[in-house]
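Contents: one structure, followed by commentary.
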Amino acid sequence: MNYLTLVEVADVLSASLNFEAVTAGAIDESLSETVGVYQREGLVPRECVGSFSSYETARLRLVLRWGISPTQAEAKAAKIADIIGAFRNMPTASHRIIFTVIRAVRSMGKDSKGICEYVIDADIIYSERNE
């Protein structure tokens, strides 16, 4: 089985948000509004979900940098968590996201430039596309 890539997740999230500054495995710190998609844990062997042994789990972390207002950053983090949490039976380039579980949404405070940062941890259950 080939694994769900960070680029696939970034592309789906970018399209869902209608926002281009979503990156995979890195973040552009020159931007005050951006989202980075990272692995939260290393790739792990297949886990069975119910009776479906063809499903895999991607444990991801999204890093959100969003302006200087903590209130606006918190609202944006909640919106992104809601959008990702609603991924159901969604195709990516090579996979199908079966569903997503949001594990945590938390503030990381502000960076040295005063930009608010949030972290969203999510588990994406997916399978390869057979279409």
Side-chain angles (χ1 to χ4, degrees):
M1 168 158 215
N2 64 9
Y3 292 102
L4 180 69
T5 66
L6 298 177
V7 170
E8 285 179 273
V9 176
D11 287 347
V12 168
L13 182 58
S14 178
S16 297
L17 292 171
N18 196 23
F19 180 66
E20 290 187 19
V22 179
T23 56
I27 200 162
D28 185 348
E29 291 185 2
S30 70
L31 300 175
S32 63
E33 295 181 349
T34 186
V35 179
V37 180
Y38 299 86
Q39 286 180 324
R40 191 174 80 239
E41 297 176 17
L43 299 173
V44 295
R46 177 175 293 146
E47 291 180 320
C48 292
V49 177
S51 61
F52 300 100
S53 62
S54 62
Y55 290 178
E56 298 278 351
T57 303
R59 291 174 176 84
L60 302 178
R61 173 163 290 155
L62 281 65
V63 176
L64 169 71
R65 293 172 42 81
W66 207 265
I68 59 171
S69 167
T71 304
Q72 289 177 354
E74 181 179 31
K76 191 63 167 184
K79 178 181 179 181
I80 290 172
D82 286 346
I83 288 170
I84 291 179
F87 285 177
R88 299 279 186 277
N89 199 28
M90 177 177 284
T92 69
S94 300
H95 296 87
R96 180 163 301 281
I97 295 173
I98 308 304
F99 65 91
T100 302
V101 178
I102 302 299
R103 297 293 179 191
V105 179
R106 64 184 172 277
S107 171
M108 301 305 289
K110 292 187 174 189
D111 70 4
S112 61
K113 297 177 184 176
I115 304 299
C116 298
E117 295 183 322
Y118 267 79
V119 168
I120 302 167
D121 290 339
D123 292 346
I124 295 180
I125 311 303
Y126 67 95
S127 66
E128 288 185 80
R129 287 175 62 178
N130 294 323
E131 297 137 30

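None of these values were measured; they are calculated from a predicted model. Basis for what follows: all heavy atoms, side chains included, without hydrogens, waters or symmetry-related copies.
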Problem set entry | Leu13 vs Leu62 side-chain heavy atoms within contact, under 4.5 Å | yes
For this session: Please tell me if the side chains of Arg40 and Arg103 come closer than 4.5 Å, counting only heavy atoms from C-beta onward.
Result: yes
Problem set entry | Check: Asp121 and Ile102 side chains under 4.5 Å, non-hydrogen atoms | no
Exercise. Does the side chain of Ile115 reach to within under 4.5 Å of the side chain of Lys110, using non-hydrogen atoms?
Worked result: no
Exercise. Below 4.5 Å, heavy atoms only, C-beta onward: do Asp11 and Glu8 meet side chain to side chain?
Worked result: no
Problem set entry | Thr100 side chain reached by Ile125 side chain, heavy atoms, under 4.5 Å | no
For this session: Return yes if some donor-acceptor pair links the side-chain N/O of Thr34 with the main-chain N/O of Arg65 below 3.5 Å, else return no.
Result: no
Exercise. Is the number of heavy atoms from other residues, nucleotides or ligands under 6.0 Å of Lys79 NZ greater than 12?
Worked result: no
Exercise. Heavy atoms, side chains only, cut-off 4.5 Å: are Lys76 and Leu64 in contact?
Worked result: yes
Exercise. Does any non-hydrogen side-chain atom of Asn2 lie less than 4.5 Å from one of Glu128?
Worked result: yes
Exercise. Taking everything shown except Ile83 itself, do over 12 heavy atoms lie less than 6.0 Å from its CD1?
Worked result: yes
Exercise. Do the side chain of Tyr126 and the main chain of Leu4 share a donor and acceptor less than 3.5 angstrom apart?
Worked result: yes
